[in-house]
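Notes follow once the structure below has been shown.
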Amino acid sequence: MSCYEDINDVSITGLITDSVTKKPLENVKVSIVCWRYGNTPDGSYTGQDSVTVITNKEGEYSHNFNKGAFIEVKTSISGYQSRHESTDVTTKSNIMDLKLKRNDK
């Protein structure tokens, strides 16, 4: 039996805010990739699911995946630097809050 197992029913939620004002950012494009092991014996990923969501007025985003082992989150919004964060999936509920910096003028 493999020690590399996916977690079932994975959720990812987060809050996107301005790094200086701490205010939530609406309409941020959040690209989420959820990697999964499948039946791999060596710890390599065998597949992925991806989705793009948009933050709401409170700067929140969320999505659910059937299963996963590793999550990557990338942000994009005009006037701000893009962010890329990733984490291993160890529980069903995963929170990835990100603070975005404004582009230098």
Say you draw a straight line from CD1 of Ile71 to CD1 of Ile7; how long is it, rounded to the nearest 0.5 Å?
10.5 Å

Give every residue pair that meets the side-chain hydrogen bond (donor to acceptor under 3.5 Å, both in side chains) criterion with at least one member in residues 79-91, sequence neighbours excluded.
Asp18-Tyr80, Glu72-His84, Tyr80-Arg102, Arg83-Glu85

Looking only at heavy atoms, which two atoms of Leu15 and Pro24 are closest? And how far apart?
CD1-CB, 4.4 Å

Counting N and O atoms only, with roles assigned by atom type, does the side chain of Thr55 sit under 3.5 Å from a partner on the main chain of Leu25, one being a donor and the other an acceptor?
yes

Indicate the atoms forming the closest heavy-atom contact of Val10 with Gly68, along with that distance.
CG2-N, 3.7 Å

Nearest atoms (heavy-atom pairs only) where Ser93 meets Ser11:
CA-OG, 3.5 Å

Within the distance-only criterion (no hydrogens, no angle test), does the side chain of Asp97 pair as donor or acceptor with the backbone N or O of Gly14 below 3.5 angstrom?
no

Which heavy-atom pair separates Tyr37 from Tyr45 by the least distance, and what is that distance?
CE2-CE2, 3.6 Å

Using every non-hydrogen atom in the two residues, find where Val33 and Ser50 come nearest and quote the distance to one decimal.
CG2-CB, 4.1 Å

More than 12 non-hydrogen atoms from neighbouring residues, nucleotides or ligands closer than 6.0 Å to CD1 on Ile54, yes or no?
yes

So if you build clusters from Ile, Leu, Val, Met, Phe, Trp, Tyr with side-chain heavy-atom gaps below 4.5 Å, do Met96 and Phe70 land together?
no

With sequence neighbours excluded, give me every side-chain hydrogen bond (donor to acceptor under 3.5 Å, both in side chains) pair touching residues 59-71.
Asn56-Glu60

Side chains of Arg36 and Val89: closer than 4.5 Å at any heavy-atom pair?
no

Val30 vs Leu98, side-chain contact (heavy atoms from CB on, under 4.5 Å): CA-CA, chis, key distance, verdict
CA-CA 11 Å; Val30 182; Leu98 299 172; over 6 Å; no

Knowing that exactly one of Asn94, Asn8, Asp49, Asp9 qualifies, which makes a side chain to side chain contact (heavy atoms under 4.5 Å, CB included) with Phe65?
Asp49

When rounded to the nearest 0.5 angstrom, what is the spacing between NZ in Lys99 and CD1 in Ile16?
10.5 Å

Linking I/L/V/M/F/W/Y whenever their side-chain heavy atoms sit closer than 4.5 Å, directly or via other members, would Val51 and Val28 fall into one cluster?
yes

Here the pair of heavy atoms bringing Ser31 nearest to Thr52 is OG-OG1, 3.5 Å

